[in-house]
Every structure is written in C-alpha cells, then in structure tokens.
There are 2 protein chains.
Amino acid sequence: MIQQTKFGEKMKSMKKVRIKDVAEKAEVSTATVSHVINGNKYVSEKIKSKVNKVLKELNYQPNSAARSLRSTKTNTIGFIIPINSEDTAKSFFMSIAEGIEEKLTSRGYNLILSNSKEDPEQELNLIKMFNTKVDGLILAPTNENFKSINETINHNFQIVMIDRLPIGYKGDYVLVDNFQGTYDGINELIKSGFKKIGFLSSGLGITTFNDKFEVNKELSNNRIYVNPNNERFQAYKVALSDNNISFNPDYVLFGESSFQAGYDLAKQLISKEVDAIFIANNIMTMGSIKFIQEQKLKIPDDIGIIGYDNSDWTEIISPPLSAIKQPAFEIGVQAAELILNKIQNPTSDCQHIKLKTENLKRSSY
Amino acid sequence: MIQQTKFGEKMKSMKKVRIKDVAEKAEVSTATVSHVINGNKYVSEKIKSKVNKVLKELNYQPNSAARSLRSTKTNTIGFIIPINSEDTAKSFFMSIAEGIEEKLTSRGYNLILSNSKEDPEQELNLIKMFNTKVDGLILAPTNENFKSINETINHNFQIVMIDRLPIGYKGDYVLVDNFQGTYDGINELIKSGFKKIGFLSSGLGITTFNDKFEVNKELSNNRIYVNPNNERFQAYKVALSDNNISFNPDYVLFGESSFQAGYDLAKQLISKEVDAIFIANNIMTMGSIKFIQEQKLKIPDDIGIIGYDNSDWTEIISPPLSAIKQPAFEIGVQAAELILNKIQNPTSDCQHIKLKTENLKRSSY
DNA sequence: ATCACTAAGTTAATCGATTAACTTATCATT
DNA sequence: AATGATAAGTTAATCGATTAACTTAGTGAT
C-alpha cells in the first residue's frame, strides 16, 4: 500500500555554520574557537564564555568529516555481527550491541553496525570498508584463521574480538566462559540422576573438529579458546569423565543452527533413548522443545533439558526451562571499554576477559 | 576473569596510501585516478587499466573523511531505535536493522545505529549528533510532536520515519497496517465464539489518549497514523462495533510495556471474566501467558489468546500461540530504499508505505 | 590553411577543522 | 633596565579527495 504527497519544498535551508562563522561573530580566530570546543589549550574565561555564547546562538555543530580528516580520528567504532537470517543469536548480538552503544555514547563515540552473515568473504570486505571509517573494530569473527583477517586490516584501527576467537589471534578479547557454564550444567544434570545425557550443538569450527572425540582433561585447564561450541563440547566430555560416566559418541549430534535441525536431531537423540539433553544453542533448543512437546513427553520426568542462552521465552514454557545465560549486554560494555582504552593507549597490554555465565535452574531437570 | 599478554609491537605500520601515491605510481594526475575510481568522467581504456592495476597493487582505500568533506556526502545512514532495557521490541528492531543493513550494503552505504531508549531528549541529542555524520536518518520516533524534531534537524539530511509517526509529520514513512491486523484478529476471535474480549496494551501516545473511549467508524478509514498502540485499540473498538458487540471499558487495560505489567493486567482482566484477550505487544503477551499457565487455565478452552508480534517462542509453547506478525525485515528494506531514493532525488514526492501484517492462526483460539 | 569542436588529461582551488609555530603583552627576577 | 619566562591568542599549513576550469592534441568541415 503506497501513497504519495507533495512535501519538502519549504526546507528552511539554513546554510550550515562553519567554525569560521563562529569565529567572526565572536571576534576571535578560528583557532581559539577550536580551543574552546576541544579544551586542549588554555583560553581565558572571558573569551571562552563569549565563544560559547555564539556557539549556542548559531547552534554550531562541528563537521565531522573535516575533523576526522585533520585529526585522523573518526570517533567511530565498527561492530561486525555474524547473523544468518533465522538465527536467534540475533537477540544475543543485539544485546551486545546495546552494551557497546551505551558505553560508546557516554564517551562521544558512534557505532557502525554491519553483518557478515557468517560469510568469511563478506567479513573481509567489511573490514576493508572500515579501514578509513573507524578508530576501532569489535568483531565476532567468522573467519577461523586470524591470518586472512590480519592481512586485510590496515592497522589504522584497533581491534577487539568477542564471543569467538580465530586461530592465531593474540589481541584483546571478551569471551564467555562457555566451559564452566556447560560443565556446571552437565554436573547438575548428573546430580539430578540423569545418566544418558545427549549433547546437541551446531558445528564446531573446522579447525577443531579433529579432536572431537578425544576426551582430554588437560585441555580443560589450558585450552585454546576458539569456538564456543567446541568449548561446550569439551566441557561436556570432561564433566562426564569427572563423574565416571563413559562418553558415548552416539549421544552427540552436530547440525546447523536452525529450528529444523534442532527438531530433527532431538528426534534422533531421543530414539537412542537418552534421558536428558544438553542443547548448546538457542534456536536448536526451540526446535527440540517443539519435538518433545509434539511427542507429549514430560519434562523433566521423561527427559531432562538444559538449554544455552536464556531467551525470554524460556521461563514461560511449561515447565520453565533451565538455561545457561550469557551476559550479553556486559560483553558489549566490556568490549567497548577495551577498545576505547586501546585507542587511548595503543601500546598498552592486551586484555583477555572471560565473563561468567549464569546458571538458571528452573524446572526442566 | 582477566588476563594480560604482551602483543602488538610488530604492527607492520604500512603507512596509508593516498590517491597521490597511486597517481605517482601510475604516472597520471590525482584527478585521473579520482575519475577512474568514481567513473564520472571518461578515461581511456589504456589509462584506466593502468590505474586499476596500481589501485590493486597498493590496496588503495579512499579516505572517507576527505571524500565526505569535499563531496558533502557521507555515504552513511543513521538509524535510531527506541529500546528500553527489557523490551522484546529488541528483536523487532533488530530485524528492521538487518533489512536496512542489507539494502544499504548493496548500495555502498554504511549504517550508524543509536538508541534513544524511548527518551525524547536523548532522541534530539542523537539527531543533532547525526547532523554532520549522515546523509539520511531512519527514525522510529519517540517524540510525539514533529516540531521539536524538525527544529533540531539541520536539513542537511533526509529523513524517513518507521513504525510510528509523530504528529505533524508529512514526510516519507514506512508503517505497518496495525489497524487491519488487529481488526482481523478480533474478528477471528469473535467468529470462534468469544464474546467478552479483553484488550491489553502498553500506553497510547498522550496526544491520542483523549479519544480513547470514542468508537468511531469514520476514523478507521481516514485516520491519522500516530501510534501503533492507538491504531490497534481503534481497530479493536471498530471490530467489536462491526460485530454488534458493545464496547466495555472494563475489558481494556493499558500498562507499561513489561513482563510484569502483562502478568498483572492479565490477572485483572481474567478476574473480570473475559473469555479471550488480545494482547497488543510481545512482552506483555509473555507476562500474560505466564499468569495463565500458573493458573492452569486451558488455552483456548478457558481463554482465547492472540498476541502481537510473532516471536520465535510463540510456536513452541503449548498450545502454539496465534499471533499478528509484523514484517520487520521488510520494513527495514523499504525504509532504506526510500531514504536512498530521497537522497538521489531530494525533490521527489514523499512516499507513504504501509505494510500488511500476517495473521498466524495457530491453536490459541 | 583556418576554424570549431571534441576527447582525454591536468592544474589547482576547495571542503572545514586542527594544530605547530609564531606573535605580543605581561610579569617576575636579577 | 635587561632578560627570560609565561600567558593568551593568531597565522597559516595541513589532512586527502573532488571537481570546475583549463590545456593540448587530434579530427573534420569549409
């Protein structure tokens, strides 16, 4: 339904006011005006207030292109999220974006948002685009190897990784401690009496797929953080092992991150008579729940469930779903903090932050 | 959990390559390079390919600040969303952002995202910030009156409103036809035999609150689109009236947009013995469902439900929830389209777009 | 041969703010 | 009184790309 109207002729095309206009009206030099605005050189109170008055009168707004060009600072941070269509990670990354935005705004920075759609190629294009546009980049990477990323960065800006880590990356990052959250969750499941615990997840990174079936306790203490899914899987194995439950590869299924995959894989897993399922991602949890409800299986009597990522819906289904909650907003805040620090002090040590998950015990196990 | 490592010393500080560097290496003038890049003046094939080769060799990336400064185009669009903390509108606006981003990227534009947090003051600040930073602004407004917005716009950029409309605004916009969706929903409810239909919503705009209890058929055809909640409420009244059901003010409750309010108001409404509820917003729907489940009321036997905004969870609760789905992604695409058109042709007629909702009939009525 | 016109490039002014280098006035010190 | 130091502002170069105005060579018509 489309309508059209005439409009817009009468824009009171007030020509933009430049620093020169302010300077003239205040009877000072442009330099002085600049000093007043940026406060980086001492200006007498008398002049300062005179300039400020004119600034308000003319409603002056500095031209950010000119400013950036001269000062080589853009006052802008880029954020690349990896979301493909139906993913519910949408809400996770949106919360992160909120956290970032909040911190940035309070420090006079802007946020440019782009979506790599989980496409490594597209990610590199975006990084290239950002080269002259931002002072820093917050990246939830989809390229698995840092090398290709590193090559397209001009090093005109700082970078902070979140949520995942490409191989070979040593810089700043903010992650969630997926290991601990999962480990605790599996433990709880076992304590509640479940023995045949299934594990459902979306794909591991290719690079870590080979150690998929290798239960390795050492790994848990000194592990290379690459892919959250992998961490969760490792934690699953270690938790089983720590409880003297043998690892059964049949109880582990990986699929794409989708509702349908969750549905299908839950079906498979249940046909293998698991008595509980740990589902390492939100949208797959939804698919699984759908299947379970269709089969009229009772949670937690027939099957115990823990989901990852506390979405709003988890507490209104019946029974309310136990879940591992990631501190999304906080990730954003911390990432923004890191990048701003790094911009201010580029040679400072890199910070590696891991945030704790929250274990929401409800009634599904 | 925080760690620190040494890193970052060895930045291969390749100094940034300027158009001048390209020109020198290709043995042409900077003007020619610019012409090749932007294709706005004819350049011979021979020179063109020579320049392109150098462009690639040096991995030249134009400095966008310089470009913007000279050409007065930023190639950037601003987007202001209104989200306060717990709102699930988060996912709605995120989908819109995706739509916008997709369209913009395909046309070489960037998206700057900010959050007004439903604070009119903050909104004006952001608009002011955007003045020199964007070529266009997509706004989900929170100020109810266009006057204040209009005053802070420098008219250096184009504007497109989405989702809501402030009073007095005549420019481009993309809305959802909330009236039709709600009207149809209420009708369906009535057809299914429900008679005492409650209506739950978050606040109307102040400016439209006064006609709250006035059932007015004319309004439905030639109405002033201001606030989605108001539209939904009007549709509710008209649908009742069209079905010869008298309007009972007791069955209508407004509250803040929160889980708790949804819970509390559903409780109130049910105590008044309504047999169905239309809930005009997502988070309140969740609260209501929670209450209904706690009371062990059967949907749809004890109470019929239609919710607004199809969130992912609506199909996995039992029974799956009927819902009015807004075409969020499409809103974004259209809004981006409008603003790009307007930028290309500023004197073109304003477009007023209303998108249809989708009525998802499931098993909750 | 002359003139008009076009085609293909180049020169240099320009966008608006920042900032290093400079000026001038004022004041304290010896 | 001479010197140096400091305070408060100003001048003008500069960031990198775009683009109006200009040059120069080549073509064709008369």
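Since this is a predicted model, take the numbers as computed values, not measurements. In the text below, chain A, chain B and the rest are named by the order of the sequence lines, each starting its count at 1.
Among the protein residues, A/Val43 comes within range of the sugar-phosphate backbone only, with heavy atoms under 4.0 Å from sugar or phosphate atoms but none that close to a base. B/Ile37 comes within 4.0 angstrom of no nucleic acid atom, judged by non-hydrogen atoms across all strands. B/Ser44 comes within contact range of the sugar-phosphate backbone alone, with a heavy-atom separation under 4.0 Å but no base atom that close.
Tested against A/Lys133, the residues B/Asn75, B/Asn63, B/Asn110, B/Thr74 include a single side-chain hydrogen bond (donor to acceptor under 3.5 Å, both in side chains) partner, B/Asn110. Considering B/Gln158, B/Gln351, B/Lys342 as possible partners of B/Asp172, the one that fulfils the side-chain hydrogen bond (donor to acceptor under 3.5 Å, both in side chains) test is B/Lys342.
Relative ring orientation between A/Tyr169 and A/Phe146 is described as perpendicular, the plane-to-plane angle rising above 60° on a 0-90° scale split at 30° and 60°.
First and last contacting nucleotides of DNA chain C toward chain B (any atom under 4.0 angstrom from a heavy atom, 5' to 3' order): C/dA8 to C/dG16.
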Carefully, step by step, assess A/Glu101 and A/Thr105 under the rule side-chain hydrogen bond (donor to acceptor under 3.5 Å, both in side chains). CA-CA 6 Å; A/Glu101 213 272 331; A/Thr105 301; 2.9 Å; yes
Step by step, work out the salt bridge (charged side-chain N to carboxylate O under 4.0 Å, His left out) result for A/Arg107 and A/Glu337. CA-CA 10 Å; A/Arg107 300 257 226 122; A/Glu337 185 80 38; 3.5 Å; yes
Let me see the working for A/Lys117 and A/Glu123 under salt bridge (charged side-chain N to carboxylate O under 4.0 Å, His left out), right down to the final yes or no. CA-CA 8 Å; A/Lys117 299 184 179 179; A/Glu123 178 172 273; over 6 Å; no
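Heavy-atom distances to DNA chain C give each of B/Glu45 and A/Asn63 a nearest nucleotide, and the one nearer the 5′ end belongs to B/Glu45. Take the nearest nucleotide of DNA chain C for A/Lys41 and for A/Tyr60: the residue whose nucleotide is more 5' is A/Tyr60.
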